[in-house]
Structures are given as structure tokens and as C-alpha cells.
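Here is the structure we will look at.
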Amino acid sequence: MALAWWQEAVFYQIYPRSFKDSTGNGIGDLQGVIDKLDYLVELGVDAIWLSPFYPSPMNDFGYDISDYTDVDPMFGDLETMDQLIAEAHRRNLKVLIDYVPNHTSDEHAWFQESKGSRDNPKADWYIWKDAKSDGSLPNNWGSIFGGPAWTWNEERQQYYFHQFEPTQPDLNWRNPDVKDAMLDVVRFWLKRGIDGLRMDVVITIWKHPDMPDQPIIEDASGRAENDIFGKQEQIYSMHYDGIHALIREVRDTLDEFEDRVMIGEIWLGLEERLTYYGDGDEFHMPFNFDLLGGTSVVDPKEWSADYVRTSVDRYEDALQTSQWPNYVLGNHDVHRVATRVGEGQARLVAMLLLTLRGTPTIYNGDEIGMINGDITEADIQDPQGKRLGIHMTRDYSRTPTQWDDSDLAGFSPEGTASTWLPITSDYKERNIKAQMSDENSLWTLHQELIAFRKTSPALLSGVYQSFDSPEDTFIYSRQHDDEHLIIALNFNNQEKSIALPLQGEMVMCTHNNSNVVSSDGVVTLEGNQGIVIRVN
Ligand code: NOJ
């Protein structure tokens, strides 16, 4: 069966603020993305997903949108976006945008109108409730960013609901006018030529109509004092009955246009997450965060070959034939993969990501193994970090992309006063320019793996099978017609010898070694080494 473009593609997430600053204000922008499209072609990726670039007061760095159908002047304008789409398409790159349906900014005209009175045309576009008779909050729900999920509004003398910051009021999707307006947003961008959507926090959009108190988790030790959300079971606000019908409507809207793709940000356990494929009528791909840790980030102590094999096997077993897999190793909400798994394993996980079955997504900067930024308390910009503490801040993975070893790492033009987050101090050694000219670099390994994947039917569409292997190793095969590959990964930092299930010759290696396969089919892998073998 021929694959769709998004099944063959390698996706690349761009966090526009941190990618490339073309103006010298210390913040990345859309012209910066355009300037780097040739770079992306050289790396070999096929599709970019842009985190939000819409007008926004930037309390949540663009995930608080004050106009869904425009571009923040900080990033450019609609014309720049049109140009970006055209220039990307000219290079055969697809463009996905972030669709943020759960909430707007409190500066959105809809909210400004809504808060004005209890009977204006948009009065019911957000979730408003009276205080309880004793003046207390309408229910016990907490915000994901810490504190209660309700904020008092003087004008209306009511509380409004916000699953995130108080500056991010939740839209009321039970109001058909809201739904229509939000589906029109989808149409607006699809008409402009984008190739798909990454839909933000899908599962919170549809809540219990009466919003009863959530049950309390008795043992929530380790949670910050104000982490009300983390101490509750979100049974009335997440993955709530009715959500699927809504997703189907968004998908129907997407399907008014040809050949587009819809990806969902869904932090749920495997079983629940897979329901978001629907009957092929919801998401093409609900993001698979298992390699991040499913519903949070994998505790580094638990990261092991066994952990990885178990999550991949469970996923593969659970997927139906029509459900296309995907893998994510990093994004703008979690610590850098090179920091999470350790720099020594950055090469190994690149091979993992690019040889598993399904669409891989690379987070910008991970192709050179950018590590967590040098963030101090004083540097914290992220609202989650401000409320829940430095260990919860997402600034670590949002520091400027390290393009070269010049003063501002090639992120901002020379003379720029400062960048919105500090440039990580290792940029003199770890930068894209240096790695592109080094045939042994992590960047070159990414380029080679992507190129190999493109020409390999087994990697693009072959079946996956894993094999029992010595502790700390993970062995699997990918097979399509007469192409049969074995991938052997050593997650230990010491040498490991593995008897291969099948004989063959090495075609890719994480560490540019000469053939490490002996004649009797035993392979001796160095610490953190991975290889791809073509079965004879
Ligand atoms: C998920 C996004 O990935 C995250 O960055 C954002 O803060 C929340 N959604 C709220 O929009």
C-alpha cells in the first residue's frame, strides 16, 4: 500500500522564538525560519511544525493567542507567513501549524467582549460561574500551571475558568458559535496552504457540563504546595465523554481540503490515547510520548533498553493495522533529550527514533544534541516555572538554537543586545556549523539516518519485530519484501556482545566504526553504540 506523505515524512518541530532571529531583537521570527529552509532541506526533513506565531501578549510564549488569524509583529506578518509557506513548498517541505483550541489569551477580542457583561453576544463564549454562596470558588479544580483554575473578574462579578494561566481563559466549546468560529480558524489556515495541524492540549476542551469537584489523590507527595491540579484526578475535565465527537468535527473540517494531516497533543496512557485515532476519522497521529514517559517525563533512573523495548512492544501490539505509529523524543515542554538520556546516548537514540516504525518528530536543536540550557532562577520566563519552581520550568529546552560559534551563536545578528533566553555556554563547541562540517558529528549521523530511511522500504513501511537480547540491549528487525534489517542498540556504557538472530552486514553505525559483526553472527557493540545490519 502506498504511504501518505506524512507517513513517509520526518517531521521537525520549530519553536519560532528560539530558532533564528532575523531582526536583532533577540527573539526568533518567521523570516528566520525562511532563511533556514535550505538548512532543513540539507538535514533532510520533510515537514515542519511551527509552534505558535500568532498575536499574543506572550504570557505563555504564544500559546495565549489574541488573534487566531494573524501573525504577531514580533514574528512578521501574514505576508511573511504566506512567503514561508510558498518557500517551504518550493523546497518540497510541508508546513504544519499549531492549533490552540482550548483557550485564548485574555486579550483576545472575544474575551474582552465576553467579560463586559453577562448578556453580551459573547457572554457565553468562555466558562463563567458564580462564586459559591459563601463566596468561595465554583469548584476545586486546579490549573496545570499551579494554583486554582478560577480567577475572579470584577466587571462580571463572576469567576472564569482557565486550565492554564489566568491570562489563558478556556473557550466554551459547548457553545455552537464558538465551535463555528474555531472551525473557521482551521479553514482560514488551510486555505492559506498549510498542510496540517498540530492540535494543542486536545483532551481538556470538553468538560463535564456541571463541573463537579474532582476527586483528590490521597498520596500526592512530592507535589508543590500550590499544585492543586497534580493532587487531583482529572475525571471531569480531561478525556471526558463527548470529546471524540468534537475531534471528528475538526477532522471533517480538515478533510474539506485535500491531503492534509492532523496530529494531536495527547498526554494520556496508551489505551486512552489510541482512541483518538477514532475510526480513522479523528487524528492521523495522536502524538506518542511514550519515549518521553507517557504522561510525564521518564525518570532518568528508569530509562533503559528494557523500558524502551517494553514501550515500543506495547505500542506495536496495541496498534491496529490502520493506525499509523509515531515517535517523539523531545519538544518545547520537556527537558532536552541529550540531557534526559545522557549525552553519551544522543547518537543511540537518534538511531532509535529514525529506525522505528512510524513518523519521527525531531525537536529543533536535538540534531546537534543541544543540552538543557543554563537557566538560573533569574532567567525563568516560563509561567509554569514561575509558579511551580525551577525544576518545572520549560525554559531549559527553549534556549536559542546554536548555529555557529560567533558571539550570539549565529542566532541573532551581531550587535543584538541580548537574547530572550541565555545562549547555552557550550555553543562554541556545539553548534550546527561545526557539526555540519564534521563527518563524525551527531548532525551528520542524523543526516545519514534520514537519507537512509528515505531509500529503505523496510524502514519506511516494514513490519517491526523485537528479539530477546542481553540486558541493556534492544534488538529489533524491520522488514519489507526482500529488504530485511536488524537494528541492535546497546544502552549500556560498557561493551556488549550479542548473538544476532540473523546474519548480515553492517550498513549503518552510530559511531562510524568499521564492520563490528563477526563471521559467526556475534556482534560486539561498544558502550552506547547502535548498528543497522542488512540481513543477507
Ligand atoms: C501545550 C503546549 O505544548 C504548551 O507549551 C502550552 O503551555 C500548553 N499546551 C498550553 O497551551
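In each ligand, atom 1 is the first atom listed, and ligand 1 is the first ligand listed.
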Nearest neighbour in protein (non-hydrogen) for [atom]:
atom	answer
atom 8 (C) of ligand 1	F164 CE2, 3.8 Å
atom 2 (C) of ligand 1	D200 OD1, 3.1 Å
atom 6 (C) of ligand 1	D60 OD2, 3.4 Å
atom 3 (O) of ligand 1	D333 OD2, 2.5 Å

Under-4.0 Å salt bridge between [X] and [Y]:
X	Y	answer
D195	R260	no
R187	D184	yes
D227	R387	no

Any [X] heavy atom less than 4.0 Å to ligand 1:
X	answer
F61	no
H103	yes
R398	yes
R198	yes

- Query: Would you say the side-chain atoms of N153 pair up with the backbone N or O of Y159, donor to acceptor, closer than 3.5 Å?
  - Reply: no
- Message: I'd like to know if the side chain of Y68 reaches the main chain of F188, judged simply by a donor and an acceptor atom lying under 3.5 Å from each other, with no hydrogens or angles considered.
- Response: no
- Query: Which part of F145 is near ligand 1, with near meaning a heavy atom under 4.0 Å away: side chain, backbone, both or neither?
  - Reply: side chain
- Message: Does the plane of the ring in W128 sit parallel, tilted or perpendicular to the ring in Y160? Use 30° and 60° as the thresholds.
- Response: perpendicular
- Query: Between H208 and Y240, how do the two ring planes meet: parallel, tilted or perpendicular, split at 30° and 60°?
  - Reply: tilted
- Item | Backbone or side-chain N or O of R394 under 3.5 Å from ligand 1 N or O | yes
- Task: Number the atoms of ligand 1 from 1 as they appear, then name those within less than 4.0 Å of a heavy atom of E265, with their elements.
- Result: 1 (C), 3 (O)
- Interatomic distance, Q381 atom CD to N59 atom CG [nearest 0.5 angstrom]: 11.5 Å
